[in-house]
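For reference, the structure discussed in these notes is given below.
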Amino acid sequence: MSELERINTWLNQMVWGPYMLLLLLGVGIFFTVKLHFFPVVHFGTWWKKTALSFRKASGSHDKGAVSPFRAMVTALAGSIGTGNIVGVANAIALGGAGAVFWMWIAALFGMSTVMAENVLGVKYRVRRNGRYIGGPMYYIEKGLHCKWLAVVFALFCTLAAFGMGNMTQANSVSGALANSFGIMPAVSGIILAALVGIIIFGGIERITALTEKLVPFMAVVYTLAVMAVLAVNVRAIPAAFGEIFMQAFDCRAAAGGLMGYGMARAVKYGISRGVFSNEAGLGSSPIVHSSADTDDPYEQGMWGIFQVFIDTMVLCTLMALCILTAKADKTGLDGVAMSMYSFESVLGYAGNLFLSLSIVLFAFATLVSWSYYGEKSFEYLTGGRWIPLYRGLYAALSLVGCLTSLSLVWDISDTLNGLMAIPNLAAILLLSSHVRYDELCPCQMPKNKV
C-alpha cells in the first residue's frame, strides 16, 4: 500500500502541479478572449437565456433528450458538493483568505472553458437507442479522430466516478450523519446504497427528475442559512473582502525567506479548489449537457456559464464570507470543522445540524450525478454492454464508501480528476475553431472571427 501511495503522490504532484494550474487558467483565458469576454460583457444575454427563462427550458419535447434546465441542474449537482463546504474551507486553511480571490479568477475564466466544452459536446454528440449521448470521448473521437485518447478519457472518468464521484461522497454522508445524528455508518450505507440504486436504475430521466427538484431547493435553503449568518456578522463583511484582496497579492517573504510564498499558496489552492468545486476543464459536465433537448449548442453553453457562476461566484463566496466574518480561519481548525464553527458561532447547535444535513444533500446529489458521467464513459468503453452491472457496482460501492477510511481513495480520485482534464483540455484547444464568437449570437453581435 505504501508503494501505491508513493506512486500516487508523485503522480498527483505532476498532475496538479504549477503546469496544470497554468494550463487550466491558460485555456480559460484563451476561450475568454476568443469569445470576446462573453460571460462578462454579455452577462445580461446569458442570464436572460438561463435564469430568466428556466420555465421554458424546463420543458423537453424530445423523448430521447432531457430539458436544457434538467441537464444544467444535473451538471450543477455533480459540482455543487462537498467542494462548496469542505473545499472552500481547505482553500482558506491552506492558502489563506487570498485563495478565495483566485477561486474567483478560476471561475471567471472557467465559465468560458465550460461553455466551450458544452458547445463541442452538443455539436459532436450522437444518437444511440433513441437518446442523445456525448461528452469529451465523442468530440475527441469524432473531432480529433483519436480513438485511443477518447478511450483514455473514458477510462479515467469511469474510475473517477467510482472514487471522487461515489465513495468519497458516500463517506462524507456517513460521517456527517454519524457526527451530528449518531447514525451508524452501516445503517447510513445500506440506506444510501438502496436510494442510489433506485435512482440510477431509472436512468437519466429519474436522475434529472431528482436533481431538478433537489438542487434548486437545497441551493435556496443553504443560501438563506448563510445569509442569516452573514446578517449577524454584517459589520465584518468589508474587512473580510479587504482580507481576501490583500492576501491574494501577499508578496511578503515567508520565514525561510521565500518572497511571494503567501501569494503562491493562495494561487495554488485557490485555483485547484476552484476547479475541484466547479469542474471547469475536467470534461464531466458536457457529458450530461450533451443529452439536452436543444438545437443550439451555444445556448446550452450558456447554461454551463450559469452553472459555474452559481457554484463558485455565489455559493463558494458565501461560504468563504461565513468563515472569514466568523473568524473561523483564526481558530486553528481545518476543513469541515472550520465551516462548522462559522455556523455554530451564530446559530448554535442548530448550525451544526444544518451544515451536516447540507453536506448529506450536496454529497448525495453529487453521487447520483456522477453515476451518469461514469455510466456514459463505461458505455463508451464497452459498447453499451454490462450497464446493469455498472449500476449495481456503483450502488454497492456507496455502501463501501460509508464503511471505510478513504484517505488514499480521496488522493487517488484527485489524481484521476487531473488525468481526466489533460485529454479534455487538449481536445477543446485543438477543436477551438468550432467554438466561434460569430456563431454565438449572430443576430445581436458583429460577425468578428477570432
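Numbers for residues simply follow the sequence, beginning at 1.
- With Ser371 as the fixed residue, the side chain to side chain contact (heavy atoms under 4.5 Å, CB included) test singles out one of Thr366, Ile207, Val196: Ile207.
- For the residue pair His289 / Gln307, a side-chain donor-acceptor distance below 3.5 Å is found, with atom types taken as modelled.
- For Tyr394 (side chain) and Leu367 (main-chain N/O), a donor-acceptor pair under 3.5 Å exists by modelled atom type.
- Of all heavy-atom pairs between Asn118 and Gly301, the closest is CB-CA, 3.9 Å.
- The ring of Tyr139 has its center no closer than 6.0 angstrom to the ring center of Phe153.
- Phe38 is listed as a side-chain neighbour of Thr45, based on a closest heavy-atom distance under 4.5 Å.
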I would like to know whether Phe306 and Trp303 meet side-chain contact (heavy atoms from CB on, under 4.5 Å); could you show each step before the answer? CA-CA 5 Å; Phe306 179 83; Trp303 280 107; 4.2 Å; yes
Test side-chain contact (heavy atoms from CB on, under 4.5 Å) applied to Met313 and Met103, step by step: CA-CA 8 Å; Met313 304 303 284; Met103 288 184 77; over 6 Å; no
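- The heavy-atom pair separating Cys402 from Pro185 by the smallest distance is O-CB, 3.4 Å.
- In terms of modelled atom types and a separation under 3.5 Å, the side chain of Arg125 and the main chain of Ala292 share a donor-acceptor contact.
- Ring orientation note: the planes of Tyr124 and His434 are nearly perpendicular, at an angle over 60° on the 30°/60° scale.
- In this model, a donor atom of one side chain and an acceptor atom of the other lie less than 3.5 Å apart for Thr32 and Ser112.
- Rounding to the nearest 0.5 angstrom, the gap separating the CD1 atom in Ile133 from the CD atom in Glu375 is 10.5 Å.
- Shown here is Phe181, whose CZ atom has more than 12 heavy atoms of other residues, nucleotides or ligands within 6.0 Å.
- With rounding to the nearest 0.5 Å, the separation of NZ in Lys142 from CG in Leu144 is 12.5 Å.
- To the nearest 0.5 Å, atom CD of residue Glu299 and atom CE of residue Met115 are 9.5 Å apart.
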Starting from the C-alpha separation in whole Å, work towards a yes-or-no answer on ring-ring contact (aromatic ring centres under 6.0 Å, His included) for Phe109 and Phe30. CA-CA 9 Å; Phe109 294 118; Phe30 171 78; over 10 Å; no
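- For the pair Cys146/Glu141, no side-chain contact is recorded, criterion being any heavy-atom separation below 4.5 Å from C-beta on.
- A salt bridge does not link Arg385 with Glu379: every distance from a Lys NZ or Arg NE/NH1/NH2 to an Asp or Glu carboxylate oxygen is 4.0 Å or more.
- Annotation for Tyr19: atom OH does not count as buried by contact number, only 12 or fewer foreign heavy atoms lying within 6.0 Å.
- Closest non-hydrogen pair, Ser398 versus Ala193, comes out as OG-CA, 3.4 Å.
- Heavy-atom minimum distance, Leu429 versus Ser432: O-OG, 2.9 Å.
- Ring geometry for Tyr138 against Tyr380 counts as perpendicular: the plane angle is over 60°, on a 0 to 90° scale with 30° as the lower cut.
- Minimum heavy-atom separation, Cys322 to Ser342: O-CB, 3.5 Å.
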Please assess Val288 against Ile204 for the test side-chain contact (heavy atoms from CB on, under 4.5 Å), listing each intermediate value before the final yes or no. CA-CA 9 Å; Val288 69; Ile204 185 63; 4.2 Å; yes
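- Across Ala160 and Leu416, no two heavy atoms sit closer than the pair N-CD1, 3.9 Å.
- Judged by distance alone, the side chain of Tyr298 and the main-chain N or O of Arg436 form a donor-acceptor pair under 3.5 Å.
- Put simply, the side chain of Ser291 never gets that close to the backbone of Ile287: no donor and acceptor are under 3.5 Å apart.
- Here Ser174 contributes atom OG and Gln169 contributes atom CD; the two are 11.5 Å apart, rounded to the nearest 0.5 Å.
- When ring centroids are compared, Phe309 and Trp46 come within the 6.0 Å threshold.
- With 3.5 Å as the limit, one finds a donor-acceptor pair spanning the side chains of Trp104 and Thr317.
- Here CG of Leu357 is found 7.5 Å from CZ of Phe354. Values are rounded to the nearest 0.5 Å.
- Side chain of Asn424 to backbone of Pro136: no donor-acceptor contact under 3.5 angstrom is found.
- In this structure, the side chains of Leu355 and Tyr222 come closer than 4.5 Å at one or more pairs of heavy atoms.
- Here the CG-CG distance, from Leu430 to Leu120, works out to 11.0 Å after rounding to the nearest 0.5 Å.
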The test is side-chain contact (heavy atoms from CB on, under 4.5 Å); show your working for Cys157 and Met137 and say whether it passes. CA-CA 10 Å; Cys157 186; Met137 49 280 196; over 6 Å; no
